[in-house]
Amino acid sequence: MAQALTANATHLKRILGHIKGREPGPVHVFFGGIHGNEPSGVQALQEVFGELQKNPLPIKGHIYGIAGNIPALLQNKRYLEKDLNRTWFREDITALESGERTCMTSEDKEMLEILGVIRDLLKAHEAPFYFIDFHTTSSKTLPFITINDAMINRKFARKFPVPIILGIEEYLEGPVLNFINEFGYVSLGFESGQHASEEARVNSVAFLWMSLVFSGALEKEDVKDFSTYYSELKQSAAHNRNFYEITERYAVEPGDSYEMVPGFYSFEPVAKGTLLASHNEQTVVAEKGGILFMPLYQKQGAEGYFMIRRIPKWVLALSAGLRKVRADHLLAALPGVSWKNREKAQLVVNLKVARFYSKAIFHLLGYRSRILDRDRILINNREKVARNELYEHAPWY
């Protein structure tokens with residue numbers, strides 16, 4: 001049975017629930033509480049699993065609910081020693097599993113346990129997989145989706161009546177979804193609202209049911225309140241279904257004194273010169289006008305705020321067309337740009353040579369950048385690893 005996550009809880013299982021369908025179908029893996037002060041995802045999973053146990057439905061495939069940072073959840077803290085959603089690096093995992101690194105934090109232990117569950121599920125089941133990570137924010141916000149920019153993620157995310165954010169992987173290192181995206185499956189994050197709010201829990205429940213219907217695990221008619229879930233989530237998102245991309249991240253280092261000016265919320269337009277925060281006793285103002293995103297109203301966190309901009313529909317269409325004809329192969333012919341490996345999923349850009357470099361060019365073709373050193377940038381292509389063929393028969397494809 002589903003467990004209630006309460007302030008007095010002393011125990012929480014890693015596997016919050018598992019439903020095996022009557023017929024073969026997609027495998028859903030939902031994560032809740034990767035950040036311990038964000039309980040809404042766990043509560044939504046407990047509620048839906050409880051409902052499915054009382055009133056079984058003709059589900060296809062499998063549904064799993066996975067608890068994230070259990071020690072932090074039980075203490076209502078984002079993390080205990082380090083951010084669990086910034087630890088998913090292959091080299092660190094290898095070092096931990098080989099014994100090269102013997103001193104483990106609480107979050108290292110949680111990561112290895114969750115990784116073991118992910119590996120077990122990938123071995124136990126056949127694709128297609130859907131990995132969905134529930135989160136909330138410290139500020140007021142519209143519910144929204146974050147994705148790594150592969151077309152299968154875009155297509156599935158479009159089904160939901162909420163805004164979609166691209167490019168966050170360029171600014172965050174080590175999220176669990178970045179790691180999972182390397183397997184090529186549909187993966188997305190859903191930010192349901194402000195921490196611990198009733199709206200966040202309700203939005204998470206609605207999103208969970210919609211995920212099952214849109215993937216084909218359930219028919220719309222099987223979910224009696226589907227229309228209500230859809231309309232309420234659409235209203236919660238203020239009818240905003242635009243795509244946005246991250247343009248700026250304001251970094252906060254450990255030990256810094258940082259405090260946002262009260263009252264800001266995600267998706268709020270701000271003018272150039274707007275006073276945003278105090279950082280180490282210095283004022284922080286918007287260097288240019290834009291749309292404020294995820295302002296920090298909690299003690300733990302490395303991002304003071306982000307800025308975003310809306311992506312025009314014609315840009316999205318052009319991007320899809322260029323990827324369809326695999327125009328990215330032309331990039332390696334440009335001066336200062338070369339393939340990093342035989343798989344041709346990564347490009348290295350030498351900034352000393354490639355003075356023409358523009359992120360927008362690479363973004364169109366599905367590449368996102370990571371700085372290697374002062375003169376080189378590594379560009380990763382999500383399309384190269386995306387396993388499109390697994391989803392060709394899905395109702396949303």
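It should be emphasised that the depicted structure is a prediction, and the values quoted were computed from it without experimental measurement.
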Where [X] and [Y] come nearest, the two heavy atoms and their spacing:
X      : Y      : result
Pro161 : Met210 : CD-SD, 4.2 Å
His279 : Asp256 : NE2-OD2, 2.8 Å
Ile147 : Ser187 : CG2-O, 4.0 Å
Leu80  : Glu107 : N-OE2, 2.8 Å
Phe31  : Leu45  : C-CD1, 4.3 Å
Tyr130 : Ser215 : CZ-CB, 3.6 Å

Does [X] share a hydrophobic cluster with [Y], counting links as ILVMFWY side-chain heavy atoms below 4.5 Å and allowing steps through other members?
X      : Y      : result
Val202 : Leu52  : no
Met151 : Leu166 : no
Leu74  : Ile34  : yes
Met104 : Ile93  : yes
Ile246 : Tyr265 : no

Report task. Return the orientation label for the Phe214 and Tyr230 ring planes: parallel under 30°, perpendicular over 60°, tilted otherwise. Result ->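 Aromatic pair Phe214/Tyr230 classed perpendicular.
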Within-4.5 Å side-chain heavy-atom neighbours: [X] and [Y]:
X      : Y      : answer
Phe134 : Phe207 : yes
Ile291 : Glu268 : no
Leu115 : Trp88  : yes
Ile66  : Arg14  : yes
Glu199 : Gln194 : no
Ile118 : Ile180 : yes
Asn242 : Pro163 : no
Leu112 : Glu97  : yes

[atom1] of [X] to [atom2] of [Y]: how many Å apart, nearest 0.5 Å?
X      : Y      : atom1 : atom2 : answer
Ile164 : Phe156 : CD1   : CZ    : 11.0 Å
Leu96  : Asp92  : CG    : CG    : 6.5 Å
Ser319 : Glu383 : OG    : CD    : 7.5 Å

Flag for [Y]-[X]: side-chain donor and acceptor within less than 3.5 Å:
X      : Y      : value
Glu170 : His363 : yes
Asn55  : Glu51  : yes
Asn203 : Ser236 : yes
His18  : His62  : yes
His28  : Ser211 : no
His35  : Gln300 : no
Glu191 : His135 : no
Asn153 : Asn148 : no
His195 : Thr136 : yes
Asn85  : Asn69  : no

Do other residues, nucleotides or ligands put more than 12 heavy atoms under 6.0 Å from [X] [atom1]?
X      : atom1 : result
His239 : NE2   : yes
Glu259 : CD    : no
Gln235 : CD    : no
Glu91  : CD    : yes
Lys155 : NZ    : yes
Arg241 : CZ    : yes

Query raised in the report: Between Phe243 and Ile145, does a side chain to side chain contact (heavy atoms under 4.5 Å, CB included) hold up when you go through it step by step?
Result: CA-CA 10 Å; Phe243 277 77; Ile145 289 170; over 6 Å; no
[X] and [Y] aromatic centres sub-6.0 Å:
X      : Y      : answer
Phe144 : Phe267 : yes
His393 : Tyr391 : no
Phe30  : Phe131 : no

Is it true that a side-chain atom of [X] and a backbone atom of [Y] form a donor plus acceptor pair closer than 3.5 Å?
X      : Y      : answer
Thr87  : Leu84  : yes
Thr141 : Pro143 : no
Arg22  : Gly61  : no
Glu110 : Ile70  : yes
Asp108 : Thr105 : yes
Ser192 : Ser204 : no
Asn388 : Ala386 : yes

Do the side chains of [X] and [Y] get close enough for a salt bridge, i.e. N-O under 4.0 angstrom?
X      : Y      : value
Glu245 : Arg309 : yes
Arg86  : Glu303 : yes
Asp222 : Lys60  : no

Report task. Would you sort out whether Val205 and Gln43 count as a side chain to side chain contact (heavy atoms under 4.5 Å, CB included), showing the intermediate values? Result -> CA-CA 9 Å; Val205 170; Gln43 292 165 348; over 6 Å; no
Requested in this report: Check the pair Val27 / Glu126 against side chain to side chain contact (heavy atoms under 4.5 Å, CB included), numbers first and verdict last.
Outcome: CA-CA 8 Å; Val27 181; Glu126 294 183 358; over 6 Å; no
Report task. For Tyr185, check ring pair (Phe, Tyr, Trp, His ring centres under 6.0 Å) against everything at least two apart and list the hits. Result ->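 With neighbours one apart ignored, the set is Phe129.
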**Report entry** Residues clustering with Tyr258 (ILVMFWY side chains joined when closer than 4.5 Å, directly or via others)
**Finding:**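 Traced through the cluster, Tyr258 reaches Tyr250, Val252, Met260, Val261, Phe264, Val270, Leu275, Leu276, Val284, Val285, Leu292, Leu296, Tyr297, Tyr305, Met307.
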Requested in this report: Using the test salt bridge (charged side-chain N to carboxylate O under 4.0 Å, His left out), find all partners of Glu182 that sit at least two apart in sequence or belong to another chain.
Outcome: Arg90
Report task. Kindly determine whether Asn181 and Val385 satisfy side chain to side chain contact (heavy atoms under 4.5 Å, CB included), including the steps that lead there. Result -> CA-CA 8 Å; Asn181 265 277; Val385 298; over 6 Å; no
